[in-house]
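Protein chains get the first letters and strands the later ones, always in sequence-line order, with residue 1 at the start of each.
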Amino acid sequence: MEQSLGSDSGPADKSRVLNVKPLRCLVPIFPSPPNFSPFSSGQSAPFVCANPSGPFPSGFAPFYPFFSPTDSQRPPEQNSQTPFGVHNQPGSFGFNNPIPGAVPITSFRTPPPPPPPGVAPNGDTGPSRQNYRTHTTGIQSQSQSEEADDDEYSETPNQNAQYLSSFSMHVTDAERTSKAQRSKSKPQKRGRKGQEVNFSSPEVDVELIVSNILNSCNLMAFDTFRRADGDKESVGYILMVYDLLRRRITQIEDGKEATPGVTRRPDLRSGTILMNKGIRTNIKKRIGVVPGVEVGDIFFFRMEMCLVGLHAPCMAGIDYMGLKISQEEEPVAVSIVSSGGYEDNVEDGDVLIYSGQGGNIYRKDKQISDQKLERGNLALEKSLHRGNEVRVVRGLRDVVNPTGKVYVYDGLYKIQESWVEKGKAGCNVFKYKLVRLPGQPEAFTTWKSIQQWKEGLSSRAGVILPDLTSGAENLPVSLVNDVDDEKGPAYFTYFPSLRYSKPVNLTEPSFSCNCQGGCLPGNSNCSCIKKNGGYIPYNVAGVLVNNKSLIHECGPSCPCPINCRNRISQAGLKVRLEVFKTKDKGWGLRSWDPIRAGAFICEYAGEVINDCKMEELGSESEDDYIFDATRTYQPLGVLPGDSNKARQIPFPLIISAKNVGNVARFMNHSCSPNVFWQPVLRESNSESFLHIAFFAIRHIPPMTELTYDYGIIQSGKADERKKRCLCGSLKCRGHFY
DNA sequence: CTCCTTCAGGGGTAT
DNA sequence: ACCCCTGAAGGAGAG
């Protein structure tokens with residue numbers, strides 16, 4: 001935000017570039033060949049130019065992402081096959097309407113942000129938790145103090161009673177769990193003296209967090225989801241809880257001194273905890289489809305696949321089970337993970353040459369040997385003859401976080417043949433050729449296409465603009481339509497941040513931090529960390545740890561650089577986005593890159609609407625690009641810190657992105673969203689700026705539409721603004737505002 | 001009940 | 001980018 005224009009000089013001075021780029025207000029008129037890109041060559045194409053303020057070319061209509069509420073023109077049924085299928089817009093383009101005119105888009109580089117409206121103290125009500133059980137088995141006094149330490153879940157004191165009652169139960173659980181673990185773990189194998197003692201206090205800490213997360217999450221789901229056979233809801237729930245727990249443990253570990261020799265594995269710890277608590281599903285191994293897991297689903301840790309029953313071993317690549325045939329039992333393979341541990345051949349998207357296991361290929365301290373036909377190798381061999389389906393998971397480098405991996409569930413394959421090869425070290429290696437079954441949704445092939453688009457090896461079909469921000473963002477955002485002939489949304493000015501019309505002063509002075517090189521976890525002197533309850537709200541990957549009533553980011557007067565870990569929502573886009581034409585909801589937003597749960601996506605840019613403008617808006621009422629934090633928002637039911645009551649924010653913020661906005665204005669509503677918003681406060685000494693930042697609720701595979709819940713209006717205006725919802729979710733409310 | 005195996009993943013270190 | 005180290009779950013095998 002404070003990267004002022006001046007500091008941005010040099011070759012990367014985009015503001016200057018923008019001003020001389022005439023194309024920004026020109027959009028080509030088709031027809032054009034599928035791969036035609038107006039900016040890729042010097043060839044001239046017919047252009048039409050629209051004045052930003054109108055009048056628009058004939059046939060042009062301002063863009064509305066959703067149904068107009070006007071009753072005279074009822075929208076068609078969701079699956080109607082109406083020509084163009086886009087009657088959801090007031091100026092929709094049926095046969096009588098010619099193709100819409102060109103839509104110019106201008107953009108600006110963020111100037112220093114003007115100051116914001118008044119800031120009330122954080123009006124957090126905290127979660128209103130159900131008191132669902134009251135076993136009172138020995139509350140340890142120590143637990144109470146730990147409780148107080150555990151910031152964000154207990155922001156208001158009146159919850160403590162409830163906390164303690166539910167906590168007591170979980171302490172018992174914790175004790176049981178750790179006993180189980182202790183008896184289970186090999187006691188004498190590694191003589192790690194003293195470490196038990198070291199671990200005991202964090203252990204309590206973690207148990208507390210588990211219980212808090214479970215409390216905050218939907219308990220009905222917890223009690224009723226089926227462990228034997230999952231469904232989409234239980235799988236989603238488990239993954240959500242797992243990731244929340246993992247992020248929280250990571251946050252706590254980050255703040256601690258590193259103990260040499262001890263590897264911190266929040267992924268394993270949180271996985272073990274959930275395993276022991278039975279928060280898992282599809283426990284029994286099975287051949288073929290795993291209920292609740294869909295082709296294309298992504299995972300960021302092996303543990304996640306264990307918990308939902310997609311692939312049981314937490315390290316091994318081949319999962320297999322015994323299958324009874326008459327009297328005898330023989331092993332058959334059920335799933336494999338291909339992620340570069342061996343020399344697999346992954347050239348073709350639908351064919352995989354997979355290496356067998358064993359032979360000590362991966363271990364430096366042991367002699368490399370021939371692989372044997374046993375365990376996984378035997379199972380794969382049997383599966384070849386039985387012809388059973390084998391699930392395939394492909395592991396890839398994570399683009400956003402290059403040290404990590406993404407696992408893509410690529411659906412069912414069958415083994416076609418097997419053979420033995422001499423490996424690099426001269427020893428025998430088994431090879432299995434797997435071929436993907438036809439008729440499944442695309443998964444891995446989509447990833448390959450995206451990679452090719454990025455490398456310029458092939459071009460994305462239907463691209464209208466390679467970058468609709470004209471360089472205003474740090475990453476390009478394509479404008480794509482591969483469903484019909486519409487050439488773009490209505491005119492607006494691209495601007496990557498929020499515009500405040502008048503400054504707002506804080507009632508209490510706020511102190512900026514003094515962290516020159518960036519705020520670091522565990523620094524108890526950092527005032528910005530203090531404001532967040534003692535933790536940086538983001539972990540090292542820039543992922544939000546949990547839902548809070550308010551995040552305090554570093555502000556203009558903090559000396560830390562823009563890449564400070566407490567400036568995530570200011571540092572620009574992290575994933576490659578595209579604005580695309582949906583089948584039935586106008587334009588939408590999606591990502592080329594996978595997005596992990598909690599990752600920052602973008603902020604809601606636009607113009608802050610102050611009170612007097614609100615009045616105008618009432619009469620105008622046709623602004624479909626409103627973000628209104630004062631609406632009622634149903635709790636997502638899964639995020640800790642998320643109240644069962646309406647969420648509240650520090651002060652009523654309403655943003656209009658009708659004329660000025662960023663990618664967020666294209667995000668459609670859904671009653672089962674995959675994105676949520678979060679108020680973020682950036683303060684300087686006397687002023688504060690409230691922003692709205694969007695984060696992923698769960699892992700989002702590439703090319704999945706990004707949606708959030710627009711909230712509910714309860715005022716008299718509600719009926720006027722009501723629009724029919726097409727989110728298609730089972731929990732769809734039928735309309736939105 | 002232990003041992004054994006295993007296409008992880010973090011942290012440290014040398015480029 | 002390597003190198004090293006600890007790791008968790010479930011199969012395999014011993015008692």
Side-chain angles (χ1 to χ4, degrees), chain A residues 177 180-192 195 198-199 242 246 249-250 253-254 256-276 280 283-285 299-307 309-323 329-346 352-366 369 371-372 374-380 391-398 401-408 423 429-432 434 539-541:
Chain A
T177 307
Q181 275 174 320
R182 231 162 295 164
S183 65
K184 201 177 152 192
S185 66
K186 35 225 150 164
Q188 60 287 75
K189 190 173 177 188
R190 309 187 213 291
R192 278 191 289 158
Q195 284 196 357
N198 265 349
F199 270 6
Y242 171 79
R246 192 190 57 77
I249 293 176
T250 309
E253 292 293 327
D254 268 355
K256 283 192 205 152
E257 291 283 315
T259 346
V262 178
T263 22
R264 306 186 285 197
R265 292 289 299 268
D267 59 319
L268 295 183
R269 279 182 78 188
S270 40
T272 308
I273 290 166
L274 296 193
M275 283 281 197
N276 288 334
R280 54 185 295 192
I283 293 177
K284 231 181 104 195
K285 291 191 181 188
F299 306 86
F300 287 81
F301 291 93
R302 289 290 299 261
M303 263 302 180
E304 295 177 320
M305 295 186 283
C306 306
L307 289 168
L310 182 64
H311 186 86
C314 53
M315 287 184 77
I318 305 166
D319 192 9
Y320 56 98
M321 64 183 274
L323 197 63
E329 195 178 88
E330 70 174 27
V332 289
V334 293
S335 65
I336 57 165
V337 175
S338 165
S339 68
Y342 292 74
E343 293 160 24
D344 297 338
N345 189 336
V346 295
L352 172 66
I353 311 295
Y354 192 79
S355 307
Q357 62 187 189
N360 296 322
I361 287 163
Y362 66 103
R363 293 184 67 153
K364 296 285 187 292
D365 56 331
K366 285 200 178 172
S369 59
Q371 291 187 342
K372 294 186 195 114
E374 57 182 23
R375 299 169 184 273
N377 301 345
L378 180 61
L380 285 168
R391 298 186 295 271
V392 169
V393 176
R394 308 236 190 192
L396 305 150
R397 288 230 93 80
D398 184 3
N401 176 27
T403 53
K405 273 181 182 166
V406 196
Y407 298 96
V408 186
V429 175
F430 286 96
K431 293 281 180 179
Y432 301 89
L434 292 103
N539 71 22
V540 79

For [X] and [N], give me the distance from atom [atom1] to atom [atom2], rounded to whole Å.
X	N	atom1	atom2	result
A/Leu396	B/dC7	CG	C1'	13 Å
A/Glu304	C/dA9	CD	P	15 Å
A/Tyr354	B/dT6	OH	P	11 Å
A/Lys372	C/dG11	NZ	C1'	16 Å
A/Ile273	C/dA8	CD1	P	11 Å
A/Leu380	B/dC7	CG	P	11 Å
A/Phe430	B/dC7	CZ	P	15 Å
A/Asn377	C/dA12	CG	P	12 Å

Distances for protein N or O near nucleotides 9-11 of chain B N or O, under 3.5 Å:
| residue | atom | partner | partner atom | Å |
| --- | --- | --- | --- | --- |
| B/dG9 | OP1 | A/Arg302 | N | 3.0 |
| B/dG9 | OP2 | A/Tyr407 | OH | 2.6 |
| B/dG9 | O4' | A/Arg265 | NH1 | 3.4 |
| B/dG9 | O4' | A/Arg265 | NH2 | 2.9 |
| B/dG9 | N3 | A/Arg265 | NH1 | 3.3 |
| B/dG11 | OP1 | A/Arg264 | NE | 2.9 |
| B/dG11 | OP1 | A/Arg264 | NH2 | 3.1 |

Below 4.5 Å, heavy atoms only, C-beta onward: do [X] and [Y] meet side chain to side chain?
X	Y	answer
A/Met303	A/Leu268	yes
A/Lys285	A/Tyr320	no
A/Tyr407	A/Leu310	no
A/Ile318	A/Arg375	no
A/Val406	A/Phe300	yes
A/Lys431	A/Ser355	yes
A/Leu352	A/Tyr432	no

Close N/O contacts between protein and nucleotides 13-15 of chain B (under 3.5 Å):
none

Ignoring backbone atoms, establish whether A/Tyr320 has a side-chain N or O less than 4.0 Å from OP1 or OP2 of C/dA12. yes
Counting only side-chain N and O atoms of A/Thr272, is one of them less than 4.0 Å from OP1 or OP2 of C/dG7? no
Heavy-atom nearest pair, A/Gly376 first then A/Gln357, reads N-OE1, 2.9 Å
Could you check which of B/dC7, C/dA9, C/dG11 has an atom nearest any side-chain atom of A/Lys285? C/dG11
If you find the nucleotide of DNA chain C closest to A/Asp319 and the one closest to A/Arg397, which residue's nucleotide is nearer the 5' end? A/Arg397
NZ/NE/NH1/NH2 to OD/OE distance under 4.0 Å, A/Glu253 and A/Arg269: yes
On DNA chain B, nearest-nucleotide positions of A/Arg375 versus A/Cys314: which is more 5'? A/Arg375
Just verifying a value: how many Å separate A/Arg391 CZ and A/Leu434 CG, rounded to the nearest 0.5 Å? 13.0 Å
Any donor-acceptor pair under 3.5 Å linking the side chain of A/Asp319 with the backbone of A/Ala312? yes
Can you check whether A/Ala316's main-chain N or O pairs, donor with acceptor, with A/Arg302's side chain at less than 3.5 Å? yes
Let's test your reading of the pairing rules: Watson-Crick or G-U wobble, both distances under 3.5 Å, then write DNA chain B as a dot-bracket string with ( ), [ ], | and dots. ||||||.||||||..
